Amino acid sequence: MSTASSTFSKGLEGVVAAQTEMSFINGTEGILEYVGISIGDLASKSTFEETVFLLWNKRLPTQPELDAFTKELRSDYAMCDALKARIRALPKDAQPMHALRTIVSSMAMDDPNPNENSVEAARHKALRILAGAPAVVAAFDRHRRGLDIVEPDQSLSFSANFLWMLNGEKPTDAMVRAFDICMITHADHGLNNSTFTARVIISTLSDMYSAMTGAIGSLRGPLHGGANEGVMKMLNEIPSLDQVEPYIMDKIKNKDRIMGFGHRVYKAKDPRAAELMTLAKQLADDTGNMDLYEKSHAIEQIMEREYASKGIYPNVDFYSATTYHCIGLQLDLFTPMFALSRIAGWAGHVIEQLSDNRLYRPTTDYVGPHNVAYTAIEDR
Ligand code: SDX
């Protein structure tokens, strides 16, 4: 006897589970806005710091407000010695996403009031994690390469400081701008799986660190943020441009998922993919990686021919792979880059949830048996 109800939606597809003032997505027309401003305008005109202020305050800052926010963010760049010691204690062969999740979780132990959930306290914790996460990723990568940790430089922007700490040399303006566009375009995106995870966790009045830890765990999955690494592996597997067609057609024949394509909400091209495609082409041209861009473009054309009728188009991960490669990032740092940016969105949603909380507790359709007798073990 099933107690099936009409409200069951596998994967919660189409279910409205929260209200937000941060990002608006029109999946049919391929529209994304942060607080009403198009992602195209923000990618071309804004900075990541300004975008974070917009998401958290629901409006663009004045210049004095942006200066004050930037100063506050930069004051949290530095890692305490205890945190650096924990990073140095990590196995050098740990996966960067596991390292990031572990260290962000441990940041609760450096906070005298880790469980305080006032909106002001949550915002301060969010800033600490947003500012500290780049240092964690950079420090772990240098640790695993046997290099000294590079201390943050408070004179540098969020993006420039990350590239400085990672490479130990001041990045070019072009690379900083490219990285900043990646951070802007990945910052928030409605109730995606990792954001929903963060809201579910904080809805028990847990804490910001637990919410962020859960969200990082969700993002690592190849169906979500992990797809950008899958795209790069696919591009590396295709030996040359003339092998793209047979490679992709073979995957389609085997009903394999093509990483970087498809989306639960977008049934048109993800507007972030359009922004990142332009960026990837420019960077590929500047860095001698046009083969990657040309293979990507060829894949997109084949997928358009084969799958557009099913509403399967490139998503944010497809061209971010080439972009991150051209910036000089190692493949297993691609998904951590997604996390560095999405911490902004996760934090904004945690604060929204705290501001009007109700414990998440969906129900199930019980489809198992009833009135079953208990059989003694000797009789089974
Ligand atoms: C992100 O939610 C967000 O907003 C996420 C995100 C964000 O900013 O937070 O946008 C970031 O996670 C982008 C998605 C990155 N993931 C990938 O690129 C992995 C590959 N994509 C797919 O696995 C898939 O498209 C999902 C997981 C993204 C969405 O899957 P759905 O909505 O659950 O759709 P589905 O699996 O039910 O597929 C519907 C049909 C199926 O065919 P049929 O069985 O009906 O014949 O479309 C097919 C699927 O086989 N399909 C694909 C495909 N994606 C869907 N076929 C080939 N390649 C693909 N990529």
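Whatever order the structure lists them in is the order used to number ligands and atoms, beginning at 1. Just so you know, these numbers come straight off a predicted model, no measurement behind them.
Among protein heavy atoms, the minimum distance from atom 8 (O) of ligand 1 is reached at Arg272 NH1, 2.6 Å. Remark: minimum distance from atom 16 (N) of ligand 1 to any protein heavy atom is reached at Leu223 O, 3.0 Å. Shortest contact from atom 6 (C) of ligand 1 to any protein heavy atom: His263 NE2, 3.7 Å. Ranking the protein heavy atoms by distance from atom 20 (C) of ligand 1 puts Phe261 O, 3.4 Å first. Nearest protein neighbour of atom 51 (N) of ligand 1, counting heavy atoms only, is Ile312 CD1, 3.5 Å. For atom 14 (C) of ligand 1, the nearest non-hydrogen atom of the protein is Asn315 ND2, 3.5 Å. Residue, atom and distance of the protein heavy atom nearest to atom 12 (O) of ligand 1 are His224 ND1, 2.9 Å. Here the protein heavy atom with the shortest distance to atom 9 (O) of ligand 1 is Arg342 NH1, 2.8 Å.
If you number the atoms of ligand 1 from 1 as listed, the ones under 4.0 Å from a heavy atom of Gly260 come out as 17 (C), 18 (O). Using a 4.0 Å cut-off to heavy atoms of Met259, the atoms of ligand 1 that qualify are 18 (O), 19 (C), 20 (C). Those atoms of ligand 1 with a heavy atom of Asp317 less than 4.0 angstrom away are 1 (C), 13 (C), 14 (C), 15 (C). Each of the atoms 57 (C) of ligand 1 lies under 4.0 Å from some heavy atom of Asp256. Close approach of ligand 1 to Ala227 (heavy-atom distance below 4.0 Å) involves ligand atoms 15 (C), 16 (N), 17 (C), 18 (O). Each of the following atoms of ligand 1 lies closer than 4.0 Å to a heavy atom of Arg264: 29 (C), 31 (P), 32 (O), 33 (O). Close approach to Asn192 involves these atoms of ligand 1, each under 4.0 Å from a residue heavy atom: 2 (O), 3 (C), 4 (O), 5 (C), 9 (O).
Note that atom 39 (C) of ligand 1 has no protein non-hydrogen atoms nearby, at separations under 4.0 angstrom. Within a 4.0 Å radius of atom 58 (N) of ligand 1, the protein has at least one heavy atom. Distance screen at 4.0 Å: atom 34 (O) of ligand 1 has no protein heavy-atom neighbour inside the cut-off.
Under a 4.0 angstrom heavy-atom cut-off, Leu219 registers as lying outside contact with ligand 1. In this structure, Glu13 has no heavy atom closer than 4.0 Å to ligand 1. Residue Ile258 places a heavy atom less than 4.0 Å from ligand 1.
The aromatic rings of Phe179 and Tyr324 sit tilted relative to each other, their planes meeting at an angle between 30° and 60°. The aromatic rings of His370 and Tyr366 sit perpendicular, their planes meeting at an angle over 60°, well past the 30° parallel limit. Under the 30°/60° scheme for interplanar angles, the aromatic rings of Tyr360 and Phe196 are found to stand perpendicular.
A salt bridge links Arg305 and Glu245; the closest N-O separation between the charged side-chain nitrogens and carboxylate oxygens is under 4.0 Å. The pair Glu352-Lys58 meets the salt-bridge criterion, since a charged nitrogen lies less than 4.0 angstrom from a carboxylate oxygen.
Residue-to-ligand polar distances keep Phe338 apart from ligand 1: every N/O pair is separated by 3.5 Å or more. Between Lys255 and ligand 1, a contact under 3.5 Å exists for no N or O pair. Residue contacts with ligand 1: Arg257 is placed with a nitrogen or oxygen under 3.5 Å of a nitrogen or oxygen of the ligand (distance criterion only).
In summary, the side chains of Asn193 and Ser218 do present a donor paired with an acceptor at a separation below 3.5 Å, with no hydrogens or angles considered. Neither side chain, Glu13 nor Ser9, offers a donor N or O lying under 3.5 Å from an acceptor on the other. A donor-acceptor contact closer than 3.5 angstrom is absent between the side chains of Tyr313 and Glu304. Side-chain polar atoms of Thr70 and Asp67 form no donor-acceptor pair below 3.5 angstrom. A donor and an acceptor atom, one from each side chain of His224 and Ser194, are located under 3.5 Å apart. No donor-acceptor contact under 3.5 angstrom links the side chains of Asp332 and Gln95, judged on distance only. A side-chain N or O of Asn228 and one of Thr335 form a donor-acceptor pair less than 3.5 Å apart. Remark: the His349 side chain and the Arg199 side chain contain an N/O donor-acceptor pair separated by less than 3.5 Å. Of the N and O atoms on the side chains of Glu33 and Ser38, not one donor lies less than 3.5 Å from an acceptor on the other residue.
Contacts with ligand 1 closer than 4.0 Å are made by side-chain heavy atoms of Lys310 only, the backbone lying farther away. When non-hydrogen atoms are compared, ligand 1 lies under 4.0 Å from the backbone of Pro222 (N, CA, C, O) but not from its side chain.
For the pair Arg101 and Tyr209, the cation-pi test (distance below 6.0 Å, angle within 45°) is failed.
Considering each of Pro314, Gly262, Gly27, the one bringing a non-hydrogen atom nearest atom 25 (O) of ligand 1 is Gly262.
Taken together through direct or relayed side-chain contacts under 4.5 Å among Ile, Leu, Val, Met, Phe, Trp and Tyr, Leu156 and Leu166 form parts of separate hydrophobic clusters.
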